[in-house]
Amino acid sequence: MATIIFHFNGNKISIQCQIEDSFDKISQQLANKINKNAENLLFIYNGSYIKKEQTFEQIVNYIDKNGKTMDV
């Protein structure tokens with residue numbers, strides 16, 4: 001199990017996921033939680049846009065992978 005902390009409109013929103021979950025699935029969970037359309041949201045991690053077909057494991061850097069947490 002991993003945790004992604006989204007920074008949205010000054011709030012921190014935590015979403016739990018599996019490391020093999022696609023970011024598309026993860027972003028949909030966030031969108032449902034904040035009542036937004038996931039297609040209208042852009043996500044940046046480490047200065048780069050996240051491709052929704054990638055998994056948590058493919059996106060996260062070495063340090064965050066060991067802690068199983070990432071900030072988006």
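Hydrogens, waters and symmetry mates play no part in the numbers below; they use all other heavy atoms, side chains included.
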Would you say I63 has more than 12 foreign heavy atoms packed within less than 6.0 Å of its CD1?
no
Enclosure of K25 NZ (heavy-atom neighbours >12, cutoff 6.0 Å):
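Open.
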Under 3.5 Å donor-acceptor, D21 side chain and Q18 backbone
yes
Which pairs pass ring pair (Phe, Tyr, Trp, His ring centres under 6.0 Å) with one or both residues in residues 46-72, sequence neighbours excluded?
none
Could you give the distance from [atom1] ([X]) to [atom2] ([Y]), rounded to the nearest 0.5 Å?
| X | Y | atom1 | atom2 | value |
| --- | --- | --- | --- | --- |
| I13 | I5 | CD1 | CD1 | 11.0 Å |
| E20 | E57 | CD | CD | 8.0 Å |
| D71 | N46 | CG | CG | 10.0 Å |

Assign the ring pair F23 / F6 to parallel, tilted or perpendicular, where the plane angle (0 to 90°) is split at 30° and 60°.
tilted
Nearest atoms (heavy-atom pairs only) where [X] meets [Y]:
| X | Y | value |
| --- | --- | --- |
| I59 | M70 | CG2-CE, 3.6 Å |
| I34 | L41 | CD1-CD1, 4.2 Å |
| K12 | H7 | CE-CE1, 3.4 Å |
| S14 | T3 | CB-CG2, 4.2 Å |
| T55 | I19 | CB-O, 3.8 Å |
| S27 | A38 | O-CB, 4.0 Å |

We want to know whether Q28 and N32 form a side-chain donor-acceptor pair, criterion being a heavy-atom distance below 3.5 angstrom.
yes
L30 and F8: side chain to side chain contact (heavy atoms under 4.5 Å, CB included), yes or no, with the steps?
CA-CA 10 Å; L30 172 70; F8 182 75; 5.7 Å; no
Checking I4 against Q29 for the side chain to side chain contact (heavy atoms under 4.5 Å, CB included) test, could you report, in this order, the C-alpha distance in whole Å, the side-chain angles of both residues, the deciding distance, and whether it holds?
CA-CA 11 Å; I4 300 178; Q29 290 176 336; over 6 Å; no
